[in-house]
Amino acid sequence: MKDEEDIVKLYRYNLFCKNNPQNKTLLDTANFAIKCLRGDTIVLEVLSASPFRFQVECIAESDIPTNIHVWNFPKSYNGWHRFDNNKTERLAVKKENLVSTLTGIYQQTLCFDGEEYIWAMMKLAPDGTFEYISNIFNLDGEGGNYLTGTWNVNKDTLVCNVVPDLFPPRVQSRYDGQTLSFTYPAWENNRKEALEHDIVYKYLICETGLIETGKRKSALKKIKYRYVRKNTTDAVTVHVNNQVYELTTSIDSVIHDTVPSSFHVRLARDGRIIGERNFPLTGKCPIEEDMSVEACDKGFMVRIPYCDGYLFRIGKARFVYSNELDDFVLAAYNEEIIDRQHPYLDSRIINYDLPEKPMMLSAFSPCAVRNTTETLYYKNDTISQELIIRKIDERRIYFVLSSRKTDREGKKEYKGYASISDYAYLASETDVSENGELYPVIEYWYEDEDFPLSIRVSHDYSRATILFAEELSLPFIYPLKKK
């Protein structure tokens, strides 16, 4: 038995075959065996659990030892609730950057018999969704609440709208061949109520936290989780060509104030490690701890959220098995980009071209995939331009800009390195497209101080605008695009 939140030892379980539910075995260990026929459905049933009771079903395919995974929160939750080691912090309330400031996790505490207990928790995600749980220790019955929906900021007020379609299903799957169903989740009643009428919660945004408006006046304070001195591990199983591969993930923490140092992924076959990768964690990005791995068709998916200045980038790398290389290679990589300072802009999905050479897990990084060369063009009756951009790292590019007028011989060419200003992270930049829509850009400045040229590039490198301070006329102000 394998857990996601150290819950195996907390509860007691029954084990039985689905076609013979009367013959149940009470488990007192995480390692067990059961006699059944190949193809039978095995059921692992929890007797009592908090906050949600559950049972797991899986198919008995062979006599090879298999992990049955258990969890007591819905899949969307992804480990954000923290009952211990929470440290509250004040909100840096700045009207021009409220969305970035508010993103995070909050808690409400109540005092019983002189002891303070966490009563409610809420997560404001960077994609504009929220999850809220209250009466935490009674979520599996009457009185508990589990809400989800969308959030936005209206002046000095946080508005949370409950959305019925965002509630999780009772039956969920995270691992191949295994399904988990929640017995009586509180959110079924919450979803039913949300279908009957609109549910909206409003909070006044203060430095001390979020103060709910209305009769209850409850207060939610933002928390910063302090890691305890242990590693958090998980495992995902992938079946390819009758062989079993196991992906083991762990968040390794350091000793000082226990800030996470890296997310470690290890790929093994028959107990032998065939690939591994460390993804460094800064401890300063509110979404980077949501890194995860899940099984997919003939391979696995690595989800890599990280911060890039004022941007949230959520990368998804899909690896599939290659018979020729006898290894898993990168098959697709895309990123969802969210501008924290311009929440009214829609997030954008960017699909990146794959490297020419096959990339295995051990060599993969988002920067390695994104550091490709792009060529943009512009042409009309009087001029043609070409801009070649090669990304060096997160702050620097190498470019070659050539421009030719049709009524003149020869061409002008400028090339060299351009980098982001040291002040760029104080505010994000936007440009206006031909149809009048705003789109976010990154501005790079030519490193030759005697040549005041800047290149404003869209996040997906599909368009760019050249600004040349000494000649704000032709030919340096045309928007260049991919062919």
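What you are looking at is a predicted structure, and each value in this text was computed from that prediction instead of being measured.
With F319 as the fixed residue, the side chain to side chain contact (heavy atoms under 4.5 Å, CB included) test singles out one of V293, L267, V302, V329: V302.
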List the steps and the verdict of side chain to side chain contact (heavy atoms under 4.5 Å, CB included) for E131 and I133. CA-CA 7 Å; E131 285 185 280; I133 53 178; over 6 Å; no

I'd like to know whether N145 forms a side chain to side chain contact (heavy atoms under 4.5 Å, CB included) with E193, so could you lay out the CA-CA distance, the side-chain angles of the two residues, the decisive distance to 0.1 Å, and finally the verdict. CA-CA 11 Å; N145 289 298; E193 182 184 0; 5.7 Å; no

Evaluation steps, ring pair (Phe, Tyr, Trp, His ring centres under 6.0 Å), between Y306 and F279: CA-CA 10 Å; Y306 64 100; F279 297 92; over 10 Å; no

Can you list the steps and then say if Y13 with V56 is a side chain to side chain contact (heavy atoms under 4.5 Å, CB included)? CA-CA 11 Å; Y13 301 84; V56 182; over 6 Å; no

For side chain to side chain contact (heavy atoms under 4.5 Å, CB included), just list the numbers for L204 and D156, CA-CA rounded to whole Å, side-chain angles, deciding distance to a tenth of an Å, and then say yes or no. CA-CA 6 Å; L204 184 65; D156 59 355; 3.7 Å; yes

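A donor-acceptor pair under 3.5 Å links the side-chain atoms of R170 to the main chain of F182, judged by distance alone. S173 contributes a side-chain N or O that, together with a main-chain N or O of Q178, makes up a donor-acceptor pair within less than 3.5 Å.
Residues satisfying the ring-ring contact (aromatic ring centres under 6.0 Å, His included) test with F130, not counting sequence neighbours, are none. The salt bridge (charged side-chain N to carboxylate O under 4.0 Å, His left out) search around R318 returns none, not counting sequence neighbours. Listed by chain and residue number, R266 satisfy the salt bridge (charged side-chain N to carboxylate O under 4.0 Å, His left out) test with E276 (two or more places apart in sequence, or in another chain). Shown here are the salt bridge (charged side-chain N to carboxylate O under 4.0 Å, His left out) partners of K221, two or more places apart in sequence or in another chain: there are none. E207 is linked by a salt bridge (charged side-chain N to carboxylate O under 4.0 Å, His left out) to R90, counting only residues two or more places apart in sequence or in another chain.
In this structure, the separation between OG1 on T157 and CG on L210 is 10.5 Å, given to the nearest 0.5 Å. Note that CD1 of I350 and OG of S458 are 7.0 Å apart. Values are rounded to the nearest 0.5 Å. Rounded to the nearest 0.5 Å, atoms SG (C160) and CG (L124) are 6.0 Å apart. To the nearest 0.5 Å, atoms NZ (K24) and CD (E45) are separated by 4.0 Å. Note that OG1 of T148 and CZ of R191 are 11.5 Å apart. Values are rounded to the nearest 0.5 Å. Note: T150 OG1 to D127 CG = 10.0 Å, rounded to the nearest 0.5 Å.
Heavy-atom minimum distance, W151 versus A125: NE1-O, 3.0 Å. The nearest pair of heavy atoms linking L37 to A60 is O-CB, 4.1 Å. When all heavy atoms of L91 and C206 are compared, the closest pair comes out as CD1-O, 3.3 Å. Of all the heavy atoms in L102 and Y106, the pair that sits closest is O-OH, 2.7 Å. Residues T103 and K222 share a closest heavy-atom pair of O-NZ, 3.0 Å. When all heavy atoms of A120 and L220 are compared, the closest pair comes out as O-CD2, 4.3 Å.
Put simply, the side chain of Y201 does not reach to within 4.5 Å of the side chain of Y132, judged on heavy atoms. Residues R277 and S365 form a side-chain contact, since some pair of their non-hydrogen atoms from C-beta on lies under 4.5 Å apart. Within the 4.5 Å cutoff, the side chain of I59 has no heavy atoms near those of the D40 side chain. You'll find the side chain of L26 reaches within 4.5 Å of the side chain of N14, heavy atoms only. The shortest side-chain heavy-atom distance between F328 and V240 falls under the 4.5 Å cut-off. Contact annotation: the side chain of N161 approaches that of N152 to within less than 4.5 Å [non-hydrogen atoms, C-beta and beyond]. With a 4.5 Å cut-off on side-chain heavy atoms, P366 and Y352 do not count as touching. Between M291 and T249, the closest side-chain pair of non-hydrogen atoms is not below 4.5 Å.
Between E294 and R303 there is no salt bridge, since no side-chain nitrogen of the basic residue lies less than 4.0 Å from a carboxylate oxygen of the acidic one.
A side-chain donor-acceptor contact under 3.5 Å links Y245 and Q243.
Enclosure of atom NZ in K192 is not indicated, since only 12 or fewer non-hydrogen atoms of other residues, nucleotides or ligands lie within 6.0 angstrom. By the 6.0 Å contact criterion, CG on D198 is open, its count of non-hydrogen atoms from other residues, nucleotides or ligands being 12 or less.
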Per-pair distances, 0.1 Å, donor-acceptor, side chain in residues 16-23, under 3.5 Å, sequence neighbours excluded:
| unit_1 | atom_1 | unit_2 | atom_2 | d |
| --- | --- | --- | --- | --- |
| K18 | NZ | E57 | OE1 | 3.2 |
| K18 | NZ | E57 | OE2 | 3.3 |

